[in-house]
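Structure provided below as structure tokens; questions to follow.
Since we're looking at a predicted model, the values are computed, not measured.
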Amino acid sequence: MSTDSDAGGDGEMEKINVRVPQSLLAQVDEVWEERGYANKSEFIRDALRDAVNPPTQLSEEALEHLAESRDQREQGETVSQDDVKDRLGIDD
């Protein structure tokens, strides 16, 4: 989560007016605080940063490996970390 201090650039802020549907604003009002933001403006600035610099997307190969892992888990072909530690006699 971002904060005002890491807004980038010289840190100067400029106020803008944005029109949003009431339903979208209601959704923002429901989630900004529960996601740990200090205020609604910080939440919106973070959303704008994500729009300008979208998060890295996983490659097709990584997505295929994740799907394979999910299938293995669903078929009971995996072992939990705790089971591996027990088998190897590893304590935390």
Side-chain angles (χ1 to χ4, degrees):
M1 170 179 25
S2 299
T3 62
D4 291 348
S5 62
D6 67 356
D10 57 12
E12 291 183 28
M13 301 272 187
E14 183 172 335
K15 185 176 180 178
I16 63 171
N17 293 318
V18 178
R19 291 181 179 269
V20 296
Q22 287 180 353
S23 60
L24 178 58
L25 187 57
Q27 290 175 328
V28 169
D29 286 337
E30 289 176 11
V31 299
W32 69 265
E33 197 168 13
E34 69 186 38
R35 292 189 184 176
Y37 289 90
N39 54 54
K40 194 183 321 182
S41 292
E42 184 180 325
F43 175 83
I44 292 170
R45 278 191 296 275
D46 217 20
L48 290 171
R49 283 185 206 101
D50 285 347
V52 172
N53 298 308
T56 303
Q57 301 250 336
L58 295 175
S59 69
E60 286 297 319
E61 182 181 14
L63 292 172
E64 289 171 9
H65 286 297
L66 288 171
E68 182 181 352
S69 294
R70 185 175 35 254
D71 290 343
Q72 290 172 341
R73 184 188 70 229
E74 290 171 356
Q75 295 173 19
E77 298 173 355
T78 60
V79 179
S80 73
Q81 181 181 11
D82 290 335
D83 288 343
V84 171
K85 286 180 179 180
D86 288 344
R87 289 181 188 178
L88 298 175
I90 299 172
D91 292 327
D92 285 336

Could you walk me through whether Val84 and Arg87 pass the side chain to side chain contact (heavy atoms under 4.5 Å, CB included) check? CA-CA 5 Å; Val84 171; Arg87 289 181 188 178; 5.7 Å; no
Identified side-chain contact (heavy atoms from CB on, under 4.5 Å) partner of Leu25 from the options Lys40, Glu30, Arg19: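 Exactly one option meets the side-chain contact (heavy atoms from CB on, under 4.5 Å) with Leu25, and it is Lys40.
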Residues, nucleotides or ligands: over 12 heavy atoms within 6.0 Å of Gln72 CD: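 More than 12 within 6.0 Å, yes.
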Counting only heavy atoms from other residues, nucleotides and ligands, does the tally under 6.0 Å from CD of Gln81 exceed 12?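 Counting neighbours around CD of Gln81, 12 or fewer heavy atoms of other residues, nucleotides or ligands fall under 6.0 Å, so no.
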To the nearest 0.5 Å, how far apart are CZ in Arg35 and CD in Glu42?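 With rounding to 0.5 Å, CZ (Arg35) is 13.0 Å from CD (Glu42).
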Taking atom CD of Glu74 as the centre, does the number of heavy atoms from other residues, nucleotides or ligands within less than 6.0 Å exceed 12?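 Yes, CD of Glu74 has more than 12 neighbouring heavy atoms, counting only those of other groups under 6.0 Å.
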Rounded distance (nearest 0.5 Å) linking atom CG of Leu48 with atom CD1 of Ile16: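 Output value for this atom pair is 6.5 Å.
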Using a side-chain heavy atom cutoff under 4.5 Å and only I, L, V, M, F, W and Y, what cluster partners does Leu63 have?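 ILVMFWY cluster around Leu63 also holds Leu58, Leu66.
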If you round to the nearest 0.5 Å, how far is CG of Leu88 from CG of Asp83?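 If we round to the nearest 0.5 Å, Asp83:CG and Leu88:CG are 11.0 Å apart.
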Heavy-atom side-chain proximity of Arg45 to Ser41 below 4.5 angstrom: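 Sidechains of Ser41 and Arg45: in contact.
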Mind checking what makes side chain to side chain contact (heavy atoms under 4.5 Å, CB included) contact with Val52, not counting sequence neighbours?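 Not a single residue meets the side chain to side chain contact (heavy atoms under 4.5 Å, CB included) criterion with Val52.
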When you look at Asp46 and Arg49, which way does the side chain to side chain contact (heavy atoms under 4.5 Å, CB included) test go after all the steps? CA-CA 5 Å; Asp46 217 20; Arg49 283 185 206 101; 3.3 Å; yes
Taking side chain as C-beta onward, heavy atoms only, is Val31 less than 4.5 Å from Glu34?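 They are in contact (side-chain heavy atoms under 4.5 Å apart), so the answer is yes.
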Could you measure the distance from the OG1 atom of Thr78 to the CG atom of Asp71? Nearest 0.5 Å is fine.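 With rounding to 0.5 Å, OG1 (Thr78) is 11.5 Å from CG (Asp71).
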Please round to the nearest 0.5 Å and tell me the distance separating atom CZ of Phe43 and atom OH of Tyr37.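 Reported value, rounded in 0.5 Å steps: 6.5 Å.
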First locate atom CG of Asp29, then atom CG of Leu24, and finally report the distance between them rounded to the nearest 0.5 Å.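 Nearest 0.5 Å value for the CG-CG distance: 9.5 Å.
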